[in-house]
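Take a look at the structure set out below.
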Amino acid sequence: MERFVYADNAATTPVSESVLNAMLPYLREQYGNASSLYSIGRDSRRAITEAREKVAALLGAQPAEIIFTGSGTEADNMSLRGALHYKKARGKHLIISSIEHHAILHTAKALELEGYEVTVLPVDNYGIIPVDRLKAAIRPDTALVSVMTANNEIGTVEPIAEIGAAVKAAGALFHTDAVQAAGHIPINVNEMKIDLLSLSGHKMNAPKGVGALYIRKGVMIQPIIEGGGQERNMRSGTENVAGIVALGQAAEDCRNHMEENIKRLTALRERLIAGVLKIPYSRLTGHPTSRLPGTASFVIEAVEGESLVLMLDTHGICASTGSACSTGSLDPSHVLTGIGLSHDIAHGSLRLTLGVQNTDEDVDYILEVLPQVVTRLRDMSPVWNQKKCCPEGLK
Amino acid sequence: MEYSEKVMDHFKNPRNVGEIDDADGVGEVGNLKCGDIMKIYLKIDNDIITDVKFKTFGCGAAVATSSMATELVKGKSINDALKLTNSAVMEALEGLPPVKVHCSVLAEEALKSAIADYYKRKGMDPTPIIGCTGECKHCGKE
């Protein structure tokens, strides 16, 4: 039976009922500017304060250490630029991993043009940063190390506590892009020795257009947006009150239900992975166990990712791919090549990411449709006949 | 990036998918590294393309352009088929996103390569008739 299955929760998530209910009053009757003196202004201010407490609680941080931004990307930009400026006395060296999100990669590239030196650390075949290599790469003039908490394409969760300890011991600052991880797996900024952390609302059932940056007390970073001095001068611009309230509610919901969500989503994901891997010539990408609860990612040989996603869409399934054809260039995603996949294998990448709204029936449906779609595309492919006769794969 | 309805129609319901066992000409272009491979089979009778089939590995546009190209030449003479340009395929599909234009080039090349094969099988040199047979490397172009 046809259904609609949204399995692209790493791209974005639907706004949950509780989040919508929490934010709606701030779009209607409580529309006051949080800087205004009268009652509806003060109500907005109070709502922001509460949201800040909730986001802080999710990370084990102090409320004063949370700045609201317009997106995770903005928080990433602010972290890199701000931290390098703050630490300029120490040096102009930045370390990032090869599988960071473009918000980090492109910011680092821009900083390189401005005279900073960037080391891009390779990852292993599972997408894990080898901590020994990271330690060896930290220099006396390394100002900042930025490694994502979990990868958006393959779901690999990095050894953040170990990395944090290593960076702290070396005296540099540590930033982590936790856009995919925050709200989904436990994060404690103190235990993990994190100085800066980016997160985004729309990856945790809050709306698009709101994010947050954790800045450890004592770390002074430069704002990148100047203006009326909102967010303690760190991020000017009239507060997106409804969005901030939504993010606060989402953070609270995630914190309250984290254990059960992890348990349920991990079980769903494992069933999904086991089912998909029954397709001949398919394999898992990313780490088998150190991965986000809802993220299943694969390469399926002899099909092309964009075709696969379009064909799944015709059956009501939303998924994504990092294939070259989908990136608008002739190269597959930097994450897939970063974990050592060759171009011809990476064409068949498929990412299915489950969220809190997904059910057992959704997984059943994907497992019913996906093999049929793969067969259909393979039957159309001149590569597949050769495959069948040459199990070692094509050269 | 957005596909036209025509592209989606040809992607979802591709025409002329398959192989021809006793084909008179077969052409294959593209490579796995690029991510597009198109193989076209022709049945030719009296200089008329009486049947045509394709197999394609690639994105939505690659499938749709193969499908459209085969439809445009079915029943046509070789001469007419050789006049088929990638722009004609694109036009028939109501356009392609700029990053997908190369797929239509590939479709034109696959067809020419199949016709070249037909001439070769007849012991004729196809180069003066066809020119580039699509065997040129496609990847480095963009």
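Sequence lines set the chain letters: A, B, ... in the order given, protein chains first and strands last, and positions in each chain run from 1. Small disclaimer: the values here were computed from a predicted structure and weren't measured. What you see below is based on every heavy atom in this structure, not just the backbone, and it leaves out hydrogens, waters and symmetry mates.
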**OP:** Determine whether more than 12 heavy atoms belonging to other residues, nucleotides or ligands lie under 6.0 Å from atom CG of Asp125(B).
**Re:** yes
Original post:
For Val303(A), is it the side chain, the backbone, both or neither that has a heavy atom under 4.5 Å from a heavy atom of chain B?
Top reply: backbone
Original post:
Which answer fits Arg378(A), side chain, backbone, both or neither, if we ask what part of it has an atom under 4.5 Å from a heavy atom of chain B?
Top reply: neither
Subject >> Point-to-point distance, once rounded to the nearest 0.5 Å, from CG of Asp313(A) to NZ of Lys12(B) >> reply: 7.5 Å
Original post:
Do Asp36(B) and Glu304(A) touch side chain to side chain, with heavy atoms closer than 4.5 Å?
Top reply: no
Subject >> Nearest heavy-atom neighbours spanning Tyr3(B) and Glu306(A) >> reply: OH-OE2, 2.7 Å
Original post:
Is atom OH of Tyr119(B) surrounded by more than 12 heavy atoms (other residues, nucleotides or ligands) closer than 6.0 Å?
Top reply: yes
Original post:
Using non-hydrogen atoms and a limit below 4.5 Å, what part of residues 68-85 of chain B faces chain A?
Top reply: none
Subject >> Between OG on residue Ser381(A) and CE on residue Met38(B), distance to nearest 0.5 Å >> reply: 12.0 Å
Original post:
Using a heavy-atom distance cut-off of less than 4.5 Å, which residues of residues 52-60 of chain B contact chain A?
Top reply: Lys55(B), Thr56(B), Phe57(B), Gly58(B), Cys59(B), Gly60(B)
**OP:** Provide the closest heavy-atom pair for Val17(B) versus Met380(A) in the form atom of the first, atom of the second, distance.
**Re:** CG1-CG, 3.6 Å
Original post:
What pairs with His334(A) under ring-ring contact (aromatic ring centres under 6.0 Å, His included), at least two apart in sequence or on another chain?
Top reply: His102(A)
**OP:** Against chain A, label Ala61(B) side chain, backbone, both or neither, depending on which of its atoms sit under 4.5 Å from a heavy atom there.
**Re:** backbone
**OP:** Could you list the residues that satisfy side-chain hydrogen bond (donor to acceptor under 3.5 Å, both in side chains) with Asn86(B), not counting sequence neighbours?
**Re:** Ser104(B)
